[in-house]
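To start, the structure under review is shown below, and the notes come after it.
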Number of protein chains: 2
Amino acid sequence: MDRLSLTFSALADPTRRAILARLATGAASVNEIAAPFAMSLPAISKHLKVLERAQLIARSKEAQWRPCELKAEPLREADAWIEQYRQMWEERFDRLDAYLMELQAKSIAAKAAPVKTTKTKKKKS
Amino acid sequence: MDRLSLTFSALADPTRRAILARLATGAASVNEIAAPFAMSLPAISKHLKVLERAQLIARSKEAQWRPCELKAEPLREADAWIEQYRQMWEERFDRLDAYLMELQAKSIAAKAAPVKTTKTKKKKS
DNA sequence: AACGTATTAAACCAGTTGGTTAAATACAAA
DNA sequence: TTTGTATTTAACCAACTGGTTTAATACGTT
């Protein structure tokens, strides 16, 4: 499977996303990772294997522990893919912006109270 | 299934990502969408249903055609999730930056040629 | 050597996925 | 009303997923 599909399908599970969130706060052993979940250890072990295959985590050895560490690099590619569409989901806000600006112009012309505009973050134009 | 999982798993297939890319250039009928793929029409129809359930596309009716239109909104949530990790995948570049800056400082001190620094895009700090 | 803890492997299961082909439906045009 | 075109549904299939329980493995401690 291609890297991007591998990344997205690894992210398509709430348990795995929660594991990544946990690992964002620092490396952890399998038991530590498993603790918050109402799920058997082998199930967690399988999730970790999925994350490892997607290269979202890396594992080392320390005695009988196999600590996991977050590796965010694959997310960069996923982000770049999604990024292509940012303009599209911001468009409606831009249109709303334009509409509100127009309203505002009118209200100013009519000496009425001004109208707030939505804030559209401009990133990586 | 939660919205985010729905979105990520819809994106976890190259055919579906290609369909979205096609729709980014404008609405299209099912046949038009299917044309570039070495796959039966029912297969495409199923992919479209997955995208529709994830609300990544919307469909209307026009005579016997059911044109599909891209709806990028769910990508915003996906982007926001990934966004949390941006700093982590940029860190190594920041470290590289720091290292190169240090090198440069030294080379300037030694009156040697300056060293280039990597450009790390600063988005949404 | 035996025990306890951490982790994985194996075998199993039900449900989902991604594809197929063949048949049904919806509409326009002749 | 028949025909043609666009699309979906149904039935099927193999492979994958996400979970289980039970057993194996790896290592540190006693």
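Proteins get letters first, then strands, A, B, ... in listed order; numbering begins at 1 in each. What you are looking at is a predicted structure, and each value in this text was computed from that prediction instead of being measured.
Interface residues of residues 47-59 of chain B facing DNA chain D, ordered by number: B/Lys49, B/Arg59; criterion, heavy-atom separation under 4.0 Å. Sorted by residue number, the list of members of residues 29-36 of chain A with any non-hydrogen atom under 4.0 Å from DNA chain D is empty.
Rounded to an integer number of Å, the gap from B/Asp13 CG to D/dT17 C1' is 15 Å. One can place NZ of B/Lys46 at 13 Å from P of D/dC13, the figure rounded to the nearest angstrom. For the pair B/Met39 CE and D/dT8 C1', the computed distance is 17 Å after rounding to whole Å. With rounding to whole Å, B/Ile44 atom CD1 is found 17 Å from D/dT9 atom C1'. When the P atom of D/dG18 is taken as reference, atom CZ of A/Phe37 falls 14 Å away, rounded to whole Å.
Checked against side chain to side chain contact (heavy atoms under 4.5 Å, CB included), A/Ala43 has the following partners two or more places apart in sequence or in another chain: A/Met39, A/Ser40. Remark: B/Arg59 engages B/Glu52 in a salt bridge (Lys or Arg N to Asp or Glu O under 4.0 Å) (not counting sequence neighbours). Taking the side chain to side chain donor-acceptor pair (under 3.5 Å) definition, one finds that B/Arg3 meets it with B/Gln55, B/Glu77, sequence neighbours left out. Not counting sequence neighbours, the partners of B/Trp81 by the side chain to side chain contact (heavy atoms under 4.5 Å, CB included) test are A/Leu11, A/Arg17, A/Leu20, A/Leu75, B/Leu4, B/Phe8, B/Gln84, B/Tyr85.
Between A/Leu51 and A/Leu23 there is no side-chain heavy-atom pair separated by less than 4.5 Å. Contact of the B/Glu69 side chain with the B/Ile57 side chain is not registered, since no non-hydrogen atoms from C-beta on lie closer than 4.5 Å. With contacts defined as side-chain heavy-atom distances shorter than 4.5 Å, the pair A/Thr15/A/His47 qualifies.
Relative to the axis of its first five pairs, the axis of the last five pairs of the helix from C/dA1-D/dT30 to C/dA30-D/dT1 sits at 0°, rounded to 10 degrees.
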Could you walk me through whether B/Gln87 and B/Glu90 pass the side-chain contact (heavy atoms from CB on, under 4.5 Å) check?
-> CA-CA 5 Å; B/Gln87 199 194 328; B/Glu90 280 179 349; 5.7 Å; no
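Interatomic distance, SG of B/Cys68 versus CG of B/Leu56, reported as 12.0 Å (0.5 Å rounding). Atom-to-atom distance recorded for A/Thr7:OG1 and A/Asp79:CG is 11.5 Å, nearest 0.5 angstrom. Between B/Arg16 atom CZ and A/Ser5 atom OG the span is 9.0 Å, to the nearest 0.5 Å.
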Can you give one letter per nucleotide of nucleotides 21-30 of chain D, 5' to 3': B if a protein heavy atom sits under 4.0 Å from the base, S if only from the sugar-phosphate, - if neither?
-> BB----SS--
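Sorted by first and then second residue, the salt bridge (charged side-chain N to carboxylate O under 4.0 Å, His left out) pairs with a member in residues 29-49 of chain A form an empty list; sequence neighbours excluded.
Taking every nucleotide of DNA chain C with any atom under 4.0 Å from a non-hydrogen atom of chain B, the first and last of them, 5' to 3', are C/dG18 to C/dA28.
In this structure, A/Leu6 belongs to a hydrophobic cluster whose other members, linked by side-chain heavy atoms under 4.5 Å apart, are A/Met1. Side-chain contacts under 4.5 Å among hydrophobic residues (ILVMFWY), followed directly or transitively, place B/Trp65 with no other residue at all.
In this structure, A/Ile19 is not a member of the same hydrophobic cluster as A/Val50, with clusters built from ILVMFWY side-chain heavy atoms closer than 4.5 Å.
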